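A short write-up of the structure that comes next.
Since we're looking at a predicted model, the values are computed, not measured.
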Amino acid sequence: MIEATAGLVSQKPSDQPSEEPSGEAPLHRLLRLMAILRDPVRGCPWDVAQTPATIVPYTIEEAYEVADAVARGDRDDLRDELGDLLLQVVFQAQMAEEAGAFAFDDVARAIGDKLVRRHPHVFDRDGQPLPAGSPLRDPAQVEAQWAAIKAQERAHRSAAPGAPDPLGGVARALPALARAEKISRRAAAYGFDWDNAVQVVDKVREETDEVAEALEAGDPQALAEEIGDLLFSVANLARHAGIDPETALRDGTAKFERRFAAMAGQLRAAGGELGRSDLAAMEAAWQAAKRDEATHKT
């Protein structure tokens with residue numbers, strides 16, 4: 001199983017590649033163990049039963065757990081979560097190899113080639129580093145070059161040569177807010193964008209007014225559409241402000257959770273409780289919780 005096999009990832013942190021006591025490199029050991037787990041005769045029935053589609057939810061979950069470990073600054077947990085995420089890559093590669101599609105080495109080779117291809121300001125065509133004083137490292141030139149290279153890659157992948165989807169290639173499985181930010185960033189690379197964040201604020205206000213109109217009209221379909229437009233505008237605002245919208249929403253949700261718990265504590269201290277207090281009492285407790293939080297910050 002995923003949780004069980006995740007523990008097979010080496011737990012020993014190191015600055016340099018190391019080998020196990022047997023002389024087997026940790027990554028080679030991990031690949032070997034995964035192959036055994038998938039063996040129809042001697043492997044784990046759960047692992048053998050999996051398909052590329054069935055383990056996708058675990059992959060997404062592990063990526064979020066990596067993000068959580070980073071946010072908490074827990075390096076020990078980060079090491080473990082990175083191992084769990086690596087296991088997902090190894091698992092997918094093993095299934096692809098069994099199907100005759102590609103192997104783990106092909107995955108590693110492809111990302112290595114992409115790094116070289118997308119960094120002509122750092123590497124020559126053979127992947128050797130350019131001299132330290134290379135003029136190709138001008139930041140403005142690097143950003144424009146990066147966008148051009150990615151556009152060429154999208155054109156190459158397009159099913160209709162010469163007519164690529166300009167916004168294609170952004171994974172639909174991404175969280176909706178994160179995907180909205182990436183789509184808007186892609187459009188901005190073509191020059192389709194506001195000049196500054198203040199203009200986006202005006203757009204957010206416009207979309208808010210349209211939400212109010214849809215509410216007043218009582219049209220559920222129009223309301224859903226207008227709320228979608230509002231959220232997309234907010235994602236654009238976050239991008240212009242240099243804020244990651246997923247992180248901002250995650251932090252905002254955590255703040256609400258913290259204050260809601262504090263509000264419940266305020267109610268209990270006053271002899272009340274959640275579910276039995278009216279809105280006025282809860283609002284008073286909420287404001288008290290906010291004041292307490294502000295006092296502790298100063």
Roughly how far apart are [X] [atom1] and [Y] [atom2], rounded to 0.5 Å?
{"X": "Glu213", "Y": "Asp219", "atom1": "CD", "atom2": "CG", "answer": "12.0 Å"}
{"X": "His240", "Y": "Arg185", "atom1": "NE2", "atom2": "CZ", "answer": "9.5 Å"}
{"X": "Arg125", "Y": "Arg117", "atom1": "CZ", "atom2": "CZ", "answer": "11.5 Å"}
{"X": "Asp47", "Y": "Gln94", "atom1": "CG", "atom2": "CD", "answer": "10.5 Å"}
{"X": "Arg179", "Y": "Leu174", "atom1": "CZ", "atom2": "CG", "answer": "7.5 Å"}
{"X": "Asp292", "Y": "Thr295", "atom1": "CG", "atom2": "OG1", "answer": "6.0 Å"}

Does [X] reach the main-chain N or O of [Y] with its side chain, forming a donor-acceptor pair under 3.5 Å?
{"X": "Thr59", "Y": "Ile55", "result": "yes"}
{"X": "Asp126", "Y": "Gln128", "result": "no"}
{"X": "Asp84", "Y": "Leu87", "result": "no"}
{"X": "Asp106", "Y": "Ala103", "result": "yes"}

Return the minimal non-hydrogen interatomic distance between [X] and [Y], and the atom names on each side.
{"X": "Glu207", "Y": "Ser233", "answer": "CG-OG, 3.4 Å"}
{"X": "Ala289", "Y": "Arg259", "answer": "CB-O, 4.0 Å"}
{"X": "Gly218", "Y": "Pro220", "answer": "O-CD, 3.3 Å"}
{"X": "Leu177", "Y": "Pro245", "answer": "CD2-O, 3.5 Å"}
{"X": "Thr54", "Y": "Gln50", "answer": "OG1-OE1, 2.8 Å"}
{"X": "Val170", "Y": "Leu167", "answer": "CG2-O, 4.0 Å"}

Does [X] belong to the same Ile/Leu/Val/Met/Phe/Trp/Tyr cluster as [Y], with side-chain heavy atoms less than 4.5 Å apart forming each link?
{"X": "Tyr64", "Y": "Leu85", "result": "no"}
{"X": "Val48", "Y": "Leu30", "result": "no"}
{"X": "Leu249", "Y": "Val204", "result": "no"}
{"X": "Val200", "Y": "Leu231", "result": "yes"}
{"X": "Ile183", "Y": "Trp194", "result": "no"}

Hey, are the side chains of [X] and [Y] touching, using non-hydrogen atoms and a 4.5 Å cut-off?
{"X": "Met282", "Y": "Leu274", "result": "yes"}
{"X": "Arg32", "Y": "Glu24", "result": "yes"}
{"X": "Glu81", "Y": "Val66", "result": "yes"}
{"X": "Asp209", "Y": "Glu206", "result": "no"}
{"X": "Gln266", "Y": "Trp286", "result": "no"}
{"X": "Phe102", "Y": "Val107", "result": "yes"}
{"X": "Phe104", "Y": "Glu97", "result": "no"}
{"X": "Arg79", "Y": "Arg75", "result": "no"}

Could you give me the CA-CA distance, side-chain angles and deciding distance for Arg72 and Asp68, then say whether salt bridge (charged side-chain N to carboxylate O under 4.0 Å, His left out) is met? CA-CA 6 Å; Arg72 290 184 285 107; Asp68 181 63; 2.8 Å; yes
Could you check Asp202 against Arg205 for side-chain contact (heavy atoms from CB on, under 4.5 Å), going step by step and ending with a plain yes or no? CA-CA 5 Å; Asp202 291 338; Arg205 291 193 180 109; 3.3 Å; yes
Taking atom types as modelled, is there a side-chain donor on Glu181 or Asn236 under 3.5 Å from an acceptor on the other?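 Note: Glu181 and Asn236 side chains miss the donor-acceptor criterion.
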Looking only at side-chain N and O atoms, does Gln221 offer a donor or acceptor that is under 3.5 Å from a partner on Glu225?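 On atom types as modelled, these side chains do not qualify, holding no pair under 3.5 Å.
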Is there a side-chain contact (heavy atoms from CB on, under 4.5 Å) between Gln88 and Gln92? Walk through the geometry before answering. CA-CA 6 Å; Gln88 299 299 309; Gln92 288 282 5; 5.8 Å; no
Go through it in stages, so that I can follow the logic: the residues are Arg239 and Asp193, the test is salt bridge (charged side-chain N to carboxylate O under 4.0 Å, His left out), and I'd like the CA-CA distance, side-chain angles, deciding distance and then a yes or no. CA-CA 11 Å; Arg239 174 175 59 83; Asp193 199 10; 2.9 Å; yes
Angle class for the Tyr58/Trp46 ring planes (parallel below 30°, perpendicular above 60°, tilted otherwise)?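 Perpendicular, since the angle between the ring planes exceeds 60°.
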Over 60° means perpendicular and under 30° means parallel, so tell me whether His119 and His121 are parallel, tilted or perpendicular.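 Tilted: the ring planes of His119 and His121 meet at 30° to 60°.
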Stepwise side-chain hydrogen bond (donor to acceptor under 3.5 Å, both in side chains) check, Glu283 with Gln287: CA-CA 6 Å; Glu283 178 62 24; Gln287 294 302 327; 2.7 Å; yes
Apply side-chain contact (heavy atoms from CB on, under 4.5 Å) to Val122 and Leu130, showing your working. CA-CA 6 Å; Val122 177; Leu130 296 175; 5.9 Å; no
Salt bridge (charged side-chain N to carboxylate O under 4.0 Å, His left out) between Arg258 and Glu293, worked out: CA-CA 10 Å; Arg258 184 174 65 249; Glu293 186 176 76; 2.6 Å; yes
